[in-house]
Amino acid sequence: MALLRLGARLFVVAKNGLNNQCSSSPRQWHSTSAVAAAAAGQVAMKEKPQLRERKPKTGILMLNMGGPETLDDVHDFLLRLFMDKDLIPLPAQSQLAPFIARRRTPRIREQYDRIGGGSPIKMWTAKQGDGMVKLLDEISPETGPHKFYIGFRYVHPLTEEAVEEMEKDGIERAIAFTQYPQYSCSTTGSSLNAIYRYYNSKSMAPKMKWSTIDRWPTHPLLIQCFADLVKQELDRFPPDKRDDVVILFSAHSLPMAVVNRGDPYPQEVGATVQRVMETLNFSNPYRLVWQSRVGPMPWLGPSTDVTIKGLCERGRKNLLLVPIAFTSDHIETLHELDIEYAQLLANECGVENIRRSEALNGNQLFIQALADLVNTHLKSAETSSKQLSLRCPLCVNPVCRETKAFFAEQKL
């Protein structure tokens with residue numbers, strides 16, 4: 001959802017608030033995820049899943065926005081992003097989007113350069129998908145062989161390319177599996193719309209039987225993963241500071257115009273946080289905060305950076321950042337949280353200790369969660385959640401209606 005953050009800048013010319021050179025990492029800042037991402041390297045990002053000999057029966061399309069794997073991919077990533085009317089509706093979009101993409105490319109290239117030269121999201125998604133289908137082949141042989149496909153909105157492999165590959169593979173049962181645990185029209189909604197548009201543009205009906213796992217904010221294994229990672233990082237704080245640590249669950253914000261249309265994302269993120277804290281027996285004070293707010297329009301708050309400043313001013317200088325709406329590291333964890341907030345802002349505010357919990361990445365329990373979600377979904381014979389059938393009360397996108405009907409009318 002760095003996309004919304006970039007989109008907001010269309011309406012205001014903002015100066016770069018970040019120094020051209022990163023300051024050296026302060027002693028009090030620790031991010032296990034950042035270390036793991038650096039160790040993985042660009043070679044791992046090119047890693048391909050293992051080939052399977054038998055013809056796949058069930059295809060799981062792992063939906064996400066994606067991120068540029070190399071610096072040369074940044075421009076095309078931004079161009080597709082700004083051309084997406086589901087995400088950022090613009091006047092004269094076909095003319096304005098290319099201009100904005102060119103304008104934004106140097107700044108965004110610089111950010112990706114600082115985190116290793118590209119996004120690790122494809123690498124992590126491939127690892128998660130490969131582990132998931134191996135488990136599914138074991139626990140649900142009657143629906144196997146299973147094959148995962150990656151469908152990104154703004155970089156290759158694009159959602160449409162993945163759907164085409166699934167059709168060519170002769171998949172019988174197709175599952176559109178969002179990799180955003182909490183549903184938003186701007187993320188999962190956009191990806192599902194892309195599937196509908198693929199078939200509508202070709203005036204063809206799918207040969208596959210489609211269904212979707214469109215949200216899973218309180219899945220027990222997901223909650224346990226987050227709780228385990230929070231506890232792991234809390235244990236790394238100095239013992240005399242541990243009970244004083246404030247946990248900041250950080251998720252990408254939304255413009256209030258989107259929230260006020262009835263987007264369910266804020267309440268679903270809140271549900272995840274509540275379950276995690278229940279699992280932790282409310283061991284520490286906490287807040288749900290919202291990152292990536294940029295531009296003059298009202299956004300959902302409180303914002304992560306303002307909260308860090310406010311807590312420090314009030315003497316709460318031991319902080320744990322938890323990316324609660326992201327399933328793998330990307331620009332918003334590795335740059336925004338790790339560099340902008342936990343290094344530069346923390347130094348400015350005089351933070352004593354600040355840590356960031358790991359993203360789910362290659363966590364084995366998380367991979368079990370993915371397999372369990374798919375297995376349960378296959379057994380349910382449901383095409384979607386009940387929530388997907390309900391449009392936002394003030395929805396302004398007619399394609400949403402068509403997409404919801406597309407999945408509702410599938411015969412499993």
Side-chain angles (χ1 to χ4, degrees), residues 1-12 63-65 80-94 96-97 100 153-154 159 176 178-197 200 212-218 249-274 288-304 306 324-326 332 383-409:
M1 292 180 64
L3 323 173
L4 290 178
R5 186 184 183 202
L6 296 173
R9 291 178 181 168
L10 304 179
F11 308 100
V12 64
L63 300 171
N64 212 322
M65 288 189 174
R80 293 188 185 98
L81 184 156
F82 288 118
M83 288 293 291
D84 184 4
K85 295 181 180 180
D86 292 339
L87 182 73
I88 309 171
L90 298 171
Q93 193 138 11
S94 61
L96 191 55
I100 298 167
R153 290 294 287 122
Y154 309 120
T159 305
T178 179
Q179 296 305 291
Y180 306 99
Q182 305 93 359
Y183 182 95
S184 173
C185 300
S186 301
T187 53
T188 300
S190 177
S191 290
L192 296 180
N193 287 349
I195 296 173
Y196 162 74
R197 285 191 177 106
N200 188 57
T212 178
I213 303 172
D214 52 83
R215 70 202 72 206
W216 36 289
T218 58
F249 294 95
S250 188
H252 197 293
S253 187
L254 285 178
M256 288 306 298
V258 176
V259 175
N260 290 337
R261 287 202 295 264
D263 195 294
Y265 174 73
Q267 71 188 52
E268 294 192 7
V269 177
T272 305
V273 170
Q274 180 70 16
L288 171 56
V289 294
W290 306 91
Q291 65 185 87
S292 310
R293 173 182 176 175
V294 176
M297 73 281 288
W299 284 63
L300 184 63
S303 60
T304 305
V306 171
I324 196 64
F326 309 121
E332 286 166 329
T383 58
S384 71
S385 71
K386 292 282 193 275
Q387 279 286 73
L388 189 68
S389 66
L390 180 65
R391 292 181 70 192
C392 292
L394 301 179
C395 179
V396 295
N397 187 352
V399 178
C400 288
R401 177 182 64 249
E402 303 301 326
T403 296
K404 293 174 187 295
F406 170 85
F407 283 100
E409 293 167 1

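Keep in mind the model is a prediction, meaning the values are calculated, not measured.
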Where [X] and [Y] come nearest, the two heavy atoms and their spacing:
X	Y	result
Ser292	Glu332	OG-OE2, 3.5 Å
Ala408	Thr383	CA-OG1, 4.1 Å
Ser250	Thr304	OG-OG1, 2.9 Å
Leu300	Ser253	O-OG, 2.7 Å
Leu254	Ser186	CD2-OG, 4.2 Å
Gly189	Tyr183	CA-OH, 3.5 Å

Side chain to side chain donor-acceptor pair (under 3.5 Å) against [X], all qualifying residues, sequence neighbours excluded:
X	result
Asn193	Asp86, Thr403
Gln387	none
Arg391	none
Arg261	none

Would you list the pairs meeting salt bridge (charged side-chain N to carboxylate O under 4.0 Å, His left out) in which at least one residue belongs to residues 393-406, sequence neighbours left out?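 The answer is none; no pair qualifies.
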
Mind checking what makes side-chain contact (heavy atoms from CB on, under 4.5 Å) contact with [X], not counting sequence neighbours?
X	value
Pro217	Gln182, Arg215, Glu268, Thr272
Ala251	Tyr265, Val269, Trp290, Ile324, Ala325
Thr178	Tyr180, Thr188, Trp216

Point-to-point distance, once rounded to the nearest 0.5 Å, from CG of Asn200 to CZ of Phe406: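 Reported to 0.5 Å precision, the distance equals 10.0 Å.
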
Under the salt bridge (Lys or Arg N to Asp or Glu O under 4.0 Å) test, which residues partner Asp263, sequence neighbours left out?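 Salt bridge (Lys or Arg N to Asp or Glu O under 4.0 Å) list for Asp263, sorted by chain: empty.
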
Would Leu192 and Leu388 count as a side chain to side chain contact (heavy atoms under 4.5 Å, CB included) if you check the C-alpha gap in whole Å, the side-chain angles of each, and the deciding distance to 0.1 Å? CA-CA 11 Å; Leu192 296 180; Leu388 189 68; 4.0 Å; yes

Could you check whether any side-chain heavy atom of Gln179 comes within less than 4.5 Å of a side-chain heavy atom of Leu63, counting everything from C-beta outward?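 The answer is no, as the side chains (C-beta and beyond) never meet within the 4.5 Å cut-off.
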
Do the non-hydrogen side-chain atoms of Asn397 and Cys185 ever get within less than 4.5 Å of each other?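 No, side chains not in contact.
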
How are the rings of His252 and Trp299 set relative to one another: parallel (under 30°), tilted (30 to 60°) or perpendicular (over 60°)?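 Taking Trp299 first and then His252, their aromatic rings sit tilted (interplane angle of 30° to 60°).
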
